[in-house]
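Take a look at the structure set out below.
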Amino acid sequence: RQPPGYTAGVQVTAWELDLFGRVANLGEAAQAQVLASDAGRRAAELALVASVIQGWLTLQADTGLLQVTERLAASRDDSLRLTQLRFDAGAASALELQSARSLAAQARATQAQLARQRAQDLNALALLAGGPVPDELLPPAAASDDDLAEVPVGLASAVLLRRPDVIQAEHQLAAASANIGVARAAFFPRLTLTGSAGQAASDFTDLFRGGHFAWSLSAQALATIFDAGRNQANLDAARVSRELAVAQYEKAVQSAFRETADALAGVDTWRGQHEALRQQRDAAREIDRLTTLRYERGAASELERLDAQRSLLAAEQALVQARLGEQVNRVGLFKALGG
């Protein structure tokens, strides 16, 4: 019977000699994929931050619109009560009374619509933030021109190459290029070494004594002779993947320039539109004040007063929407520049 043997040492099961660059290309492709994944994470974070800011600004705009509508609804209710008293005293017609009721109901309907919209804005913001937003972090209704910083002037276009999505596309292109080397190396033999070194003895008490050192080394070559065109197909697929990665990279760069150009085009136009609507709102507010004074003195009709109120409401709503558009465009510019 063969006596039992004991060994203790280190063994390398398979160490590949990278004669044709297969292992190096595999490592390069894996590293590029890791970097691409990290860039994708940063792109997702940037998109999330932009969405949170846009949701915060939308909530602020809808809160301002709701307060404007609440003031309008209170004014319409007061007007309805006065018209009802005048109708009871025979100083107002039934048409005037029904008109006042219709306008008051319209204001209450708009108020309910905006209240619902504000509640939905809160829910959307809570979804983006991952939980209910504390009251102290909610935006005030009165917007300020200093809510968002101005984009620095004189930025070089090279800053777009630091966008996370562009970096992600660049690393994906590098990974696709490395995969071509992996597919090309598959045409050549793979050489692997197997070795071991340590102590060997037939008796366990002699295992760690001198004179029992043993080692072994063997080589193996593996080559595919008939593969039915599989290696060539893999190489062709890797080349196609690289061409696709090139197109994706070009698309990412072009999208970066397009988004930045659109946002820059909107900076001055939104600012000019906002200033024009601000002047229109101030004029409509003065018209409403003067028309109300004339109505109280009997020099203006009820229709003129209501028309002035409608014009003021429309001007205030347009101003809030323009301000929201200007701020959202500024957020889009920061996002287009990579944050």
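As the structure is a prediction and not an experimental result, all values here were calculated from the model. Here, residue 1 is the first one in the sequence, and each next residue gets the next number.
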Within a 6.0 Å radius of atom CZ on Arg258, are there more than 12 heavy atoms belonging to other residues, nucleotides or ligands? no
The side-chain hydrogen bond (donor to acceptor under 3.5 Å, both in side chains) partners of Arg184 (sequence neighbours excluded) come to none
Applying side-chain contact (heavy atoms from CB on, under 4.5 Å), can you list everything that pairs with Leu138, at least two apart in sequence or on another chain? Leu59, Leu122, Val133, Asp135
Output all residues satisfying side-chain contact (heavy atoms from CB on, under 4.5 Å) with Ala43, sequence neighbours left out; order by chain, then residue number. Pro164
Report, one line per pair, each donor and acceptor closer than 3.5 Å where one atom sits in a side chain of residues 166-175; sequence neighbours left out.
none

Hey, what else clusters with Leu66 if you join Ile, Leu, Val, Met, Phe, Trp, Tyr whenever side-chain heavy atoms sit under 4.5 Å? Leu65, Leu114, Val320
Within the supplied structure, the quantity of interest is the number of heavy atoms (other residues, nucleotides, ligands) at a distance under 6.0 Å from Arg271 CZ; does it exceed 12? yes
How does the hydrophobic cluster around Ile287 look, that is, which other residues are in it when side-chain heavy atoms under 4.5 Å mark a link? none
Strictly by side-chain hydrogen bond (donor to acceptor under 3.5 Å, both in side chains), give each pair with a member in residues 103-116 just once, sequence neighbours left out. Asp77-Arg108
Using the side-chain hydrogen bond (donor to acceptor under 3.5 Å, both in side chains) criterion, which residues pair with Ser177? Sequence neighbours excluded. Arg242
Considering residues at least two apart in sequence or located in another chain, which fulfil the side-chain hydrogen bond (donor to acceptor under 3.5 Å, both in side chains) criterion with Glu286? Arg289
Salt bridge or not for Arg41 and Glu45, using N-O below 4.0 Å? yes
Residues which pass side-chain contact (heavy atoms from CB on, under 4.5 Å) with Ser51, listed by chain and number, not counting sequence neighbours: Leu128
ILVMFWY clustering at 4.5 Å (side-chain atoms), partners of Leu244: none
Test side-chain hydrogen bond (donor to acceptor under 3.5 Å, both in side chains) applied to Gln273 - qualifying residues, sequence neighbours left out: none
Residues Arg278, Glu275: salt bridge by 4.0 Å N-O rule: yes
